[in-house]
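Notes follow the structure.
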Amino acid sequence: MAKTYSPASGTSVTVARLKIVGGSSGRLLATLIARELDLKVSEVEIRRFPDGEKYIRIKEDLDDQVVAIIQSIHHSPDELLFEYLLLCDTARDLGANKVIAVLPYFAYARQNSRFNPGEAVSLRTVARLIEDVGTAELYSVDMHQHRVGRVSDVFGIPVHNLTAAPLLADYVKANVKLEKPIVVGPDEESKQWASTAAKVIGADHDVLEKKRFGADKVEIKTRSLAVRGRDVLIIDDIISTGGTIVEATKILKELGARRMVVACTHPILADDALVRIYESGAELVLGTNTVPSPVSYVSAAPLIADALRRI
Ligand code: R5P
């Protein structure tokens with residue numbers, strides 16, 4: 001059963017046997033997480049053979065250790081996922097007692113069903129690969145699991161879905177002076193983040209209505225939201241093409257919103273998404289470093305480190 005954690009302090013579980021390993025896309029987060037835990041990142045060599053194959057070497061004694069492999073599966077998901085599989089299998093082979101996958105951005109989570117005849121149910125395949133290679137537990141951040149329902153129906157291992165919404169809201173609270181603020185989620189599924197962020201910044205919240213027609217086409221319906229003359233924080237889990245947020249800012253402007261700040265956990269920001277969002281009238285866009293980007297102002301490391309302290 002998936003658990004949702006918010007950051008907490010004062011936990012005291014020992015991390016003495018924990019080794020932190022970073023894959024190609026997890027090195028920065030691995031370093032920051034290790035620093036939070038007063039640990040050193042294990043040395044790993046990752047390069048390619050001349051024919052393009054990945055070469056992996058973990059230069060650390062992992063015998064009887066608990067190993068957390070940090071790898072955010074974004075932008076080159078197939079390559080990064082395969083790298084994770086090699087790292088996990090190698091760690092097990094080197095005697096690791098338990099391997100924990102820390103995959104903050106979890107690609108393939110959105111393809112969790114056969115929406116059209118003949119489509120791969122990619123999430124199911126990916127889950128099976130991660131388990132079969134010997135992963136004991138999985139930690140992710142705001143994994144896109146709305147349509148999945150219960151992740152325990154997909155994964156046979158414990159899955160811990162952390163949320164970065166409080167960290168994003170803390171950042172906004174500390175850095176932007178919002179007047180008469182309201183937090184708005186672009187669709188029904190984003191209610192969870194909107195309500196969490198609203199509590200942190202002391203505002204009320206609401207959501208818009210979204211219909212998706214394909215990977216890069218969404219339509220957001222006008223609902224009468226009480227945004228006139230107010231500063232709006234728009235919050236979502238992922239900004240990919242930016243289509244959702246651009247549509248949301250358009251509607252919110254029509255409804256009379258004053259300033260608009262946009263926050264997301266995973267700033268994928270494909271192509272010119274960031275430009276289009278700023279052009280649509282957003283004053284500030286921010287995200288976390290689960291996906292390094294020009295707007296990754298918020299570090300997810302304290303959140304993940306705190307969860308690892310509890311293992
Ligand atoms: C979908 O339900 C998600 O929560 C995001 O709204 C979506 O992934 C954003 O994608 P895009 O930026 O391509 O509209």
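Read the numbers this way: they start at 1 and go in the same order the structure lists the ligands and their atoms. In this chain, residues are counted from 1 in sequence order.
Within ligand 1, counting atoms from 1 as listed, the ones closer than 4.0 Å to a heavy atom of H144 are 1 (C), 2 (O), 3 (C), 4 (O). Shown in contact with R110 at under 4.0 Å from a heavy atom are these atoms of ligand 1, numbered in order with element: 7 (C), 8 (O), 10 (O). Distances below 4.0 Å separate heavy atoms of I238 from the following atoms of ligand 1: 5 (C), 7 (C), 8 (O), 9 (C). Within ligand 1, the atoms closer than 4.0 Å to a non-hydrogen atom of I239 are 12 (O), numbered from 1 in the order shown. Atom numbering of ligand 1 starts at 1 in the shown order; those under 4.0 Å from a heavy atom of G242 are 11 (P), 12 (O), 13 (O). Near D237, meaning under 4.0 Å from any of its heavy atoms, are these atoms of ligand 1: 3 (C), 4 (O), 5 (C). Close approach of ligand 1 to G243 is summarised as follows: ligand atoms under 4.0 Å from at least one heavy atom of the residue are 12 (O), 14 (O). Close approach of ligand 1 to E189 (heavy-atom distance below 4.0 Å) involves ligand atoms 2 (O).
Ring-plane geometry between F49 and Y55 is classed as perpendicular, the angle between the planes exceeding 60 degrees on a 0 to 90 degree scale with a lower cut at 30.
Looking at heavy atoms from C-beta onward, H205 lies out of side-chain contact with L233 at the 4.5 angstrom threshold. Counting heavy atoms from C-beta outward, E79 and K54 have side chains that approach closer than 4.5 Å.
The backbone N or O of F115 sits nowhere less than 3.5 Å from a side-chain atom of S113 that would complete a donor-acceptor pair. Without hydrogens or angle criteria, N175 side chain to Y171 main chain gives a donor-acceptor distance under 3.5 Å.
A salt bridge is absent between E119 and R114; no separation between the charged side-chain nitrogens and carboxylate oxygens falls under 4.0 Å. Looking at K98 and E137, a side-chain N of the basic residue comes within less than 4.0 Å of a carboxylate O on the acidic one, giving a salt bridge. A salt bridge does not link R128 with E131: every distance from a Lys NZ or Arg NE/NH1/NH2 to an Asp or Glu carboxylate oxygen is 4.0 Å or more.
Residue contacts with ligand 1, taken as heavy atom pairs separated by less than 4.0 Å, involve T244 via backbone and side-chain atoms alike. By the criterion of a heavy-atom distance under 4.0 Å, neither the backbone nor the side chain of I245 is placed next to ligand 1.
Distances between N or O atoms of P186 and those of ligand 1 include no value under 3.5 Å.
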